[in-house]
Student: 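Here it is: the structure, laid out below.
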Amino acid sequence: MSVVLSSAGITPEEVAAVAAGRTLTWAADLAGTVGAGQAAFDRVLAGGARIYGVTTEVAGRSSFDVPTGSRGAYQIAMLRSHACGTGPLLDRHAARAAWVTKAASLAAGRAGCSLALLTALTDVLNRGLAPAVPVTGSLAASGDLVPSAHAGLPLLGEGDLLDESGDAVPAGPLLAACGLHPLTPGPRDGLSLVNGTSVTAALATLALLDAERLVTTADVLAAAGVEVRRGHRDAFAQAIVDARPHPGALRTADTVELVLGAAETARRESGRSFHDAYAWRCVPQVHGAVHDALVPVRAAVSTELRSCTDNPILDGDSIVSGGNFHGAPLGIPLDSATTAMTVLAGLSRQRLVGLMSSPGLPKSLVGAGGNFGLGMLVTTVTAHVLQLSGLVPASTRWLPVDEAEDHVANATVAAFQLRTALDGVRHVLAAEAIAIAAAADLSDRPAAGPALRAVHALTRRTVAPPGPDRAMSVPLTELAPHIHELAALPDSIRRPV
């Protein structure tokens, strides 16, 4: 099923779907909306108005006029000159998502870009193409100027596209092989391609969806740990969370109770402590706070995907200039999310430590014929958590470009840092899953709850049961990209197929 792009924008889930290969179609009125914007812009231009980036140059040279006969060449020169990024390339999904978010911004009809530009973006997406975009260069100030230029040049048959293996190849021949012709940019299309927050928005969108899945994954792992350790479920009782009803805490407690199912975990058995360590007892409060920290990120991303982040923009038949290209509305919540995900990883680490010395289980979860068990997983996980704790909020670190562009958002770096944090969280949660599955195998009781059964099944797809000592690097690395699959468990119970 195609994703439908309208002038009202697109959802985070739809961006991810098109980035993954779903086709993009237009709402019935989209051509009319964008065409009307183009016509309005043409009228303003024909009326002799001075328009930033169109009849004038940009940034510190905006006082210089662009000769009428050179305006088309200036739009192309803008793309070429701004394509000066460095470093490794964005992965295919992120690079395609940048095209999708650019299309969503232009679909509002406020930029006055050509209908041909939106058509070109749709065509390359629907042919399965992806631009080659270096990761370093954006300040998220006047938008993502540098990476956006790299994403825009292939539409003109210049720059590079990614082949199926992710390597950069010249755009022109690949466009031709797909039956596509290079775009001849309209009078402000170069400006529309470099301006705006499309790259940051793309990274933020994919990171948001990953983060939401990983928090729910952590909820499932916590439930599985409670069962395998014969811990207490009182901490997830309705009376507890109702007494301090933060939305995230309510959500986490509901999820844990759901995926624990009928597992016979201890409550207040004689001779045992009244409660577990904080790593399990405070899961609703900590995981819940992480859930809540992602709410502003979803709000910011959702707003961005139905916004025009170009400049200047149309206001009826006039042109107004402002700062919609500035990335602060994304950067600040992204930094908060990175902090939250680091806290999530830290609590998972503590549960891993607890699993290494749980009553009734071998110390360090040593299997038959082993000596060291899984104890060294704690070292690797600790390294991940320490690396994440060193990520300083990017929004607080910036340098001015010139007297006009005197504040930058650094939001693209904030998005990359969140992606780095998420990669660390995946590995930390995967290590917790490995320990839980090992504990289940070494226990004298079969898994009863859905969470423990799901964690064990997922882990055993790539990780062998406890036994003689072996290197765990490969199993951990292979499990980490799949750990988010546990996030589907709660909904599968609530809405069985």
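A quick note: this is a predicted structure, and the numbers were derived from the prediction, not measured. Excluded from the calculations below are hydrogen atoms, water molecules and symmetry mates; all remaining heavy atoms, backbone and side chain alike, are included.
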Student: Start with the C-alpha gap between V124 and L175, add the side-chain angles, then the distance that decides, and say whether side chain to side chain contact (heavy atoms under 4.5 Å, CB included) holds.
Tutor: CA-CA 8 Å; V124 290; L175 281 182; 3.9 Å; yes
Student: Under the side-chain hydrogen bond (donor to acceptor under 3.5 Å, both in side chains) rule, collect the residues that match up with N410, sequence neighbours excluded.
Tutor: none
Student: Is there side-chain contact between D210 and R419, with at least one heavy-atom pair below 4.5 Å?
Tutor: no
Student: Under the side-chain hydrogen bond (donor to acceptor under 3.5 Å, both in side chains) test, which residues partner S321, sequence neighbours left out?
Tutor: N311
Student: Tell me yes or no: between the side chains of E304 and T197, is some donor less than 3.5 Å from an acceptor?
Tutor: yes
Student: Using residues 62-70 as the side-chain source, report each donor-acceptor pair under 3.5 Å to any protein atom, sequence neighbours left out, with the distance given to one decimal.
Tutor:
| unit_1 | atom_1 | unit_2 | atom_2 | d |
| --- | --- | --- | --- | --- |
| S62 | OG | A59 | O | 3.2 |
| D65 | OD1 | R50 | NE | 3.2 |
| D65 | OD1 | R50 | NH2 | 2.7 |

Student: Just verifying a value: how many Å separate T255 OG1 and R251 CZ, rounded to the nearest 0.5 Å?
Tutor: 6.5 Å
Student: Restricting to side-chain hydrogen bond (donor to acceptor under 3.5 Å, both in side chains), what partner residues turn up for R43, sequence neighbours left out?
Tutor: D317
Student: Walk me through whether L90 and L203 qualify under side chain to side chain contact (heavy atoms under 4.5 Å, CB included).
Tutor: CA-CA 10 Å; L90 290 180; L203 297 171; 4.1 Å; yes
Student: So do R188 and F41 actually touch side chain to side chain, heavy atoms under 4.5 Å?
Tutor: yes
Student: Scan residues 332-343 for pairs that pass side-chain hydrogen bond (donor to acceptor under 3.5 Å, both in side chains), counting only residues two or more places apart or in two chains.
Tutor: D335-S395
Student: What pairs meet the ring pair (Phe, Tyr, Trp, His ring centres under 6.0 Å) rule with one or both residues in residues 310-341, with sequence neighbours excluded?
Tutor: H326-H407
Student: Are any of the side-chain heavy atoms of R71 and P187 separated by less than 4.5 Å?
Tutor: no
Student: Give every residue pair that meets the ring pair (Phe, Tyr, Trp, His ring centres under 6.0 Å) criterion with at least one member in residues 88-118, sequence neighbours excluded.
Tutor: none
Student: Under 3.5 Å, which donor-acceptor pairs link side chains of residues 287-300 to any protein atom two or more places apart or in another chain?
Tutor:
| unit_1 | atom_1 | unit_2 | atom_2 | d |
| --- | --- | --- | --- | --- |
| H287 | ND1 | D219 | OD1 | 2.8 |
| H287 | NE2 | R351 | NH1 | 3.2 |
| H291 | NE2 | D219 | OD2 | 2.9 |
| D292 | OD1 | G248 | N | 2.8 |
| D292 | OD2 | G248 | N | 3.3 |
| R298 | NE | E212 | OE2 | 2.8 |
| R298 | NH1 | E13 | OE2 | 3.3 |
| R298 | NH2 | E13 | OE2 | 2.6 |
| R298 | NH2 | E212 | OE1 | 2.8 |

Student: Sequence neighbours excluded, which residues qualify as side-chain hydrogen bond (donor to acceptor under 3.5 Å, both in side chains) partners of T200?
Tutor: D144, T412
Student: Per the ring pair (Phe, Tyr, Trp, His ring centres under 6.0 Å) rule, what does the pair list look like for residues 107-148, sequence neighbours excluded?
Tutor: none
Student: Using distance only, find each side-chain donor-acceptor pair of residues 108-115 under 3.5 Å and give its atom names and separation, not counting sequence neighbours.
Tutor:
| unit_1 | atom_1 | unit_2 | atom_2 | d |
| --- | --- | --- | --- | --- |
| R110 | NE | L314 | O | 3.0 |
| R110 | NH2 | L314 | O | 2.9 |
| S114 | OG | L117 | N | 3.1 |
| S114 | OG | D189 | OD2 | 2.5 |

Student: Are L145 and L139 close enough, and set up right, to give a side chain to side chain contact (heavy atoms under 4.5 Å, CB included), and what steps lead you there?
Tutor: CA-CA 8 Å; L145 297 174; L139 302 177; over 6 Å; no
Student: Let me have the donor-acceptor pairs involving side chains of residues 128-136, under 3.5 Å, with sequence neighbours excluded, atom names and distances please.
Tutor:
none

Student: Does a donor on one side chain and an acceptor on the other come within less than 3.5 Å for T23 and S2?
Tutor: yes
Student: Between S81 and M78, is there a donor-acceptor pair closer than 3.5 Å when you use the side chain of the first and the backbone of the second?
Tutor: yes
